[in-house]
Number of protein chains: 2
Amino acid sequence: MPQKGRGILLSMSTTETNRTPAPRRATIADVARAAGVSGSTASVVFSGKTKVSDATRQRVLDAAAELGYAGPDPRAASLRTGRSGIVAVVLEEHLRTAFLDPVKTATMDGLTDALATLGSGVLLLRHDPGGENPVTLDTAPVDAVVLLSCTPRTYESLDVIRARGLPVVVIEGDGGADAAHVELDSDEASAQLNTHLRDLGHEDVAIVTLPFGLDLERGFVTEEQIARIRVEITARRLRDVRQAFPDAQVVQSEGSFIDEGVLAGRLLLDVPEDGPRRRPTAIIAQSDLLAAGVVRAAEELGLRVPEDVSVTGFDGVEVDGLGGHVLTTVVQPSAEKGRAAGAAVARMLRGEPASSQLLNCTFRIGTTTGPAARS
Amino acid sequence: MPQKGRGILLSMSTTETNRTPAPRRATIADVARAAGVSGSTASVVFSGKTKVSDATRQRVLDAAAELGYAGPDPRAASLRTGRSGIVAVVLEEHLRTAFLDPVKTATMDGLTDALATLGSGVLLLRHDPGGENPVTLDTAPVDAVVLLSCTPRTYESLDVIRARGLPVVVIEGDGGADAAHVELDSDEASAQLNTHLRDLGHEDVAIVTLPFGLDLERGFVTEEQIARIRVEITARRLRDVRQAFPDAQVVQSEGSFIDEGVLAGRLLLDVPEDGPRRRPTAIIAQSDLLAAGVVRAAEELGLRVPEDVSVTGFDGVEVDGLGGHVLTTVVQPSAEKGRAAGAAVARMLRGEPASSQLLNCTFRIGTTTGPAARS
DNA sequence: TTGTAAGCGTTATCAA
DNA sequence: TTGATAACGCTTACAA
């Protein structure tokens, strides 16, 4: 079709003057009239909430087809019912960034699954307080809100949500008493991982951590820096490991990526024959992606995993690029987190009070850990 | 809070009998009344569409605060305005699967950016014709629809959309005359890649393709199988390469993954010293992830890239796990695709006719190609 | 700058 | 099984 242009505009206004009075889409009322039934009957034919005789239904359906009526307008329906069938998911970051994290993706997957069962779709919302973002929780027709990647800033969203009286579910974060929570318990599984390594005779252990949130460069960190960690998950996982291995060397990565793991791994494993530092016999990475990188670094240096060095991860996700290895890792129920959040949404929509759920991680022994190498 | 229980239920019904008559949320009418202004004035205070005296505005705002009114109900507003501020994105697959593809993620990113500017959010919809999926295009209050991963089946969605009269944008697919399209032109860039390899002296070239859509196992394929390829993108990219290298060996992968690339790479590169097959001097992979895997396979086998073997990709995405290499590749404007789709949505929402856009790929020379190794 | 009034298209309730 | 009626909460010409 042509773009706007003078000639076209003229002909358009011509059409406009002598066009039929009502070029608007058919409504359910039109259908009802055409079918010779009441509006409520027509409505019920589409919603299926009440029994309608076959004959009547057919008449309504025929009329609808005739008029090109495609079913009730969701906007009107949602005004009337008070439900839009949409649940907002608030992400802290760019999608690109968020979906780089396989755990987050899996959680989203579980969430969409659960919500689909419920009959709801997922509206992606990025929480960016700075940007001029006109579609926010203020103006989106949503029935509930799920907070997925929580940082302290995310909680600003909560005020808006509370004001609207929307049900809120917070995944791994603190949303206050009126929000439902989905929490993870990794204590037991982490302890098992520690024991596993201890039992294999590992004493020289190193840790590759997620970022501290302090804008540090990748590398070895000091106790002082450890004390100032600002990312909760990093701090907790580190604490869990250091309970068993208080003297472990700690390398902070700049993110949960394979390539970061490679760099951290080199730092730890590429040690001069008789330099001051000894090569650890086991490396505990705070994510599977980091662990995959460490495995890679080891192999690059001609070290065999697990014969020469053991490597463990955290998350239990499938890592593309790990080759034949199966990581020894703490498996977190990523998709289950989403499903639990979906279930919580369902409950709150049913009017039940916000209730929280604690999900357990499990410890999985893979092929990347073995007896400590004799030094 | 306690779960439903007998005692609780009793006390609840007690409360119910003697609670205040109207526990419903305040509406804009309530606010107007409390502020002593008309409904329209109150409305305008929130929408900002018309000038309101500071005094009046303040009175309205105060009344709203007093009543705990959090702004206009989006459901009602969207019924009235005919806009919900939501655009549906239809994906063919599980989110998990869709977001494994870095190109798709980047496109989503561009799309959400563009739509945010427009004031719209993105509703994720999975097109699954089989499943019982109550929130579909039929029932979702959306202003427009973007089809992202198109397969022939996706077009079923189109009928529903058309019936609703919603604007449609199809990214890399054929949505018919009334849809806007975003298309990619890689001819030029592909030709440049071919020329690049030719100029470097490569003649023994192999191709690692995306799946054929024929449920084939990973491995070498026959001409007959090539003739039956059912995935358009695979066919087109293969055709482009074979124009220049008609005799290239072809290995089909089972998906766009690094690990698939590794396996395909081994198949091509791990050849016996004096077996029947010669080792190719260059491998053209149909995706960057596959290419990354091929690079890896080469290095595992002790071959240097690009000294012993050149590797090229397709997509131009950042690949985690590629180490220091920069792939020689065809860069497609992934995010731009999304942005273009967003722009198309904006235009159609403004009432302009569906118009289509063709985006160009570019050829990028990285560090993974070099002169053909002498055999 | 503010007010009046007329819907937007549905569905829930109740009665027939 | 069907029908009449009254909301649902808001926006926007248009008038004052």
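Residue numbering restarts at 1 for every chain, and letters A, B, ... go by the order of the sequence lines.
- Between Q58(B) atom CD and dT1(C) atom C1' there is a gap of 17 Å when expressed in whole angstrom units.
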field: Protein proximity profile, nucleotides 8-16 of chain C - base contact B, sugar-phosphate-only contact S, no contact -, cut-off 4.0 Å on heavy atoms
entry: BBBBB----

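- Taking the side chain to side chain contact (heavy atoms under 4.5 Å, CB included) definition, one finds that A98(A) meets it with L91(A), E93(A), K104(A), sequence neighbours left out.
- Counting only residues at least two apart or on different chains, the ring pair (Phe, Tyr, Trp, His ring centres under 6.0 Å) pairs with a member in residues 51-81 of chain A are F46(A)-Y69(A).
- For A32(B), the side chain to side chain contact (heavy atoms under 4.5 Å, CB included) partners are V37(B), A42(B), not counting sequence neighbours.
- With sequence neighbours left out, the side chain to side chain contact (heavy atoms under 4.5 Å, CB included) criterion links S40(A) to S38(A).
- In summary, R75(A) and D143(B) engage in a salt bridge, as defined by a charged side-chain N under 4.0 Å from a carboxylate O.
- Take S53(A) and apply the side chain to side chain contact (heavy atoms under 4.5 Å, CB included) test, not counting sequence neighbours, and it matches A55(A), T56(A).
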I'd like a table of donor-acceptor pairs (distance under 3.5 Å, sequence neighbours excluded) in which one partner is a side-chain atom from residues 159-178 of chain A, with atom names and distances.
unit_1: R162(A); atom_1: NH1; unit_2: D178(A); atom_2: OD1; d: 2.9
unit_1: R164(A); atom_1: NE; unit_2: L137(A); atom_2: O; d: 3.4
unit_1: R164(A); atom_1: NE; unit_2: D138(A); atom_2: O; d: 3.1
unit_1: R164(A); atom_1: NH2; unit_2: D138(A); atom_2: O; d: 2.6
unit_1: R164(A); atom_1: NH2; unit_2: A70(B); atom_2: O; d: 3.4
unit_1: R164(A); atom_1: NH2; unit_2: P72(B); atom_2: O; d: 3.1
unit_1: E172(A); atom_1: OE1; unit_2: K337(A); atom_2: NZ; d: 2.6
unit_1: D174(A); atom_1: OD1; unit_2: G176(A); atom_2: N; d: 3.0

Show me, pair by pair, the donor-acceptor contacts under 3.5 angstrom made by side chains of residues 58-68 of chain B, not counting sequence neighbours?
unit_1: R59(B); atom_1: NH1; unit_2: A35(B); atom_2: O; d: 2.8

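- A nucleotide of DNA chain D counts as in contact with chain B when one of its atoms lies under 4.0 Å from a heavy atom; the first and last such, 5' to 3', are dG9(D) to dT12(D).
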